[in-house]
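The structure appears below as structure tokens.
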Number of protein chains: 2
Amino acid sequence: MYRYEYPRPAVTVDVVIFSMRADDLVVLLVKRKLAPYKGQWALPGGFVNPNESLDRACARELEEETGLSNVRFQQLGAFGDPGRDPRGHTISVAFFTFIVAESAILRAGDDAAEVAWHPLANLAKELPTGTHPAPVRRTKARAVVGKGGKPARPSRATKKGTIDLAFDHRRIIDMAQMCLVERLRDPTRAASFDLVPSHFTMSELQRVYEVVLQHPLDKRNFRAKLLAAHLIEPASASRRGPHRPAQLYRWKGAAR
Amino acid sequence: MYRYEYPRPAVTVDVVIFSMRADDLVVLLVKRKLAPYKGQWALPGGFVNPNESLDRACARELEEETGLSNVRFQQLGAFGDPGRDPRGHTISVAFFTFIVAESAILRAGDDAAEVAWHPLANLAKELPTGTHPAPVRRTKARAVVGKGGKPARPSRATKKGTIDLAFDHRRIIDMAQMCLVERLRDPTRAASFDLVPSHFTMSELQRVYEVVLQHPLDKRNFRAKLLAAHLIEPASASRRGPHRPAQLYRWKGAAR
DNA sequence: TCAAAAGTGTTGGCTGTACACCCATGG
DNA sequence: CCATGGGTGTACAGCCAACACTTTTGA
């Protein structure tokens, strides 16, 4: 038992980790082993320890619940509406980032019954005041890329199979997504995310952009803009499949 | 006494309110009546009450300590490094905004011995790792505006008269300033601040921009850009001093 | 030789920036 | 009539978006 002269809200951290899988923008979620929201999917996160910085708490909770380490985050903001946690007044500081799903070895631990990537499209939308909105549902695994220029309209029918998240985590994810899109517009800021493996082709990087921004990009413009930023440099050539081999690039300040 | 099963950090809010006075960018500070940092200047702020949203806590604390109300904030982020508060682990959620100093009626209350606007230039700089940096000191009340294009270099000598702030408040102010500058670049976002009174001339608004951005702007470009955004509309003409009268404008969605 | 992805330049529109002179007023 | 700030337009540069064909490879 811990005693304080004045009441204190609890403080948690929550982590939004985006990635791309099969041309879908996905988020890393854990299935809660404990109440509240037992059995529901939620963002990895948990309570901040005494004298622990927010960044450390974030890294620790992520490691405990998903097995991931060595991930660099950006702070998204604090969420403190009363009622956002049924256990009582809880303030959550949210962080977000983007990593390469393939390089992430997941291991459910601690309060997590399960860890998995979920396409954003499969998550039930937050009710934005008023009627319950139709959940987004894609016709195919292939994302909006190449769909014409505008994001695909979600189908109108409330298809079941959409996942309701615990707490206000859907809202946090929405804000993180907006923030991610914002950062991607500037290549310099975008470079602080692990959008692609250490060595990558232009097309690979471009595909990530297209999935996150939800619209197709022009190959030549993309290439030109990125090279103009002088953030990447050529490495050695690759080959693959029945195609012309592509030039590999790496980030300029890269250690490996 | 309040008891919890696990230890909890304390949660506070801090408010950075910028304004312009005599061509200086100023911040609203309170002189602390209580320990820690008793007698030192600090941002208005304080502990979050049970079941109080962060925004409400922010508004309440501001009102209690400075007498200001009806101020709309933007969240800056959470600051939670252990050691930032000598009383123990404390997480602060910071907010910021810009208001018109002239329309603000200040009244020190609560834990504040005094409330006052302070030019940013008078605040001691944060030590950025390494040697103690020279505090900024302006030669005149006139800010950097018209100084050539680049911000003025601070003089090298550690002039006394600079104010050391409590806690990590200097750092918070620095981040808030960066964020404010960022927002001002887009007129749409800038409109969410009270940069000028309800009716204002182009020059008045431009002067605010120049003080915040710390460099002079071109009159014609400024005017053109702002009118192109369709955010303001002409009101009725004014006159003043021995000059040609200036057109008054107001924000388009404005109530009054 | 075919399918599939890689690679490559130019153009037009828009946006930002630099720049100088006349105007209306009060004193 | 003069000092003071108000008001106006144009020209160039850089950035972004649109656009189509050739190249290289494996099958």
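Heavy atoms only: backbone and side chains are in, while hydrogens, waters and symmetry mates are out. Just so it is clear, the structure is predicted and the values come from calculations on it, not from any experiment. So you know, we letter chains A, B, ... as the sequences are listed, proteins then strands, and number each from 1.
Between A:Phe96 and A:Phe18, the ring planes lie perpendicular to each other; the angle is over 60°, past the 30° to 60° tilted range.
Of the candidates C:dC23, C:dG27, C:dA18, the closest approach to any side-chain atom of B:Arg244 belongs to C:dC23. Nearest to the side-chain atoms of A:Pro245 among the listed nucleotides D:dT24, C:dG7, C:dG9 stands D:dT24. Side chain of A:Asp218, nearest nucleotide from C:dC19, D:dG7, C:dG9: C:dG9. Nearest to the side-chain atoms of B:Lys219 among the listed nucleotides D:dG7, C:dA5, D:dC19 stands D:dG7.
Side-chain atoms of A:Arg220 and base atoms of C:dA6 include no donor and acceptor less than 3.5 Å apart. Judged by atom type and distance alone, B:Lys225 does not reach the base of C:dG16 through any side-chain donor-acceptor pair under 3.5 Å.
For the pair A:Phe73/A:Asp55, no side-chain contact is recorded, criterion being any heavy-atom separation below 4.5 Å from C-beta on. Looking at heavy atoms from C-beta onward, A:Tyr209 lies out of side-chain contact with A:Val211 at the 4.5 angstrom threshold.
A straight line from CG of A:Leu213 to C1' of D:dC16 spans 14 Å, rounded to a whole angstrom. A straight line from CG of B:Leu226 to C1' of D:dG6 spans 16 Å, rounded to a whole angstrom. If you measure from atom CD of A:Gln247 to atom P of D:dT25, you get 13 Å, rounded to the nearest angstrom. Here the P atom of nucleotide C:dA5 and the CD atom of A:Glu204 are 13 Å apart, to the nearest Å. For B:Asp186 and C:dT15, the CG to C1' distance is 14 Å, given to the nearest whole Å. Atom CZ of A:Phe200 is separated from atom C1' of C:dA6 by 16 Å (rounded to the nearest Å). Computed from coordinates, the A:Arg223 CZ to D:dC15 C1' distance equals 19 Å when rounded to whole Å. Across the protein-nucleic acid pair, B:Asn221 atom CG and C:dC14 atom P stand 18 Å apart, rounded to whole Å.
Classification of A:Glu210 and A:Lys219 as a salt-bridged pair fails, no side-chain N sitting under 4.0 Å from a carboxylate O. Comment: B:Arg189 engages B:Asp186 in a salt bridge, judged by a side-chain N to carboxylate O separation of less than 4.0 angstrom.
Both A:His243 and B:Tyr249 lie near DNA chain D, and the one whose nearest nucleotide falls closer to the 5' end is B:Tyr249.
Within 4.0 Å (heavy atoms only), B:Ser203 reaches sugar-phosphate atoms of the nucleic acid but no base atom.
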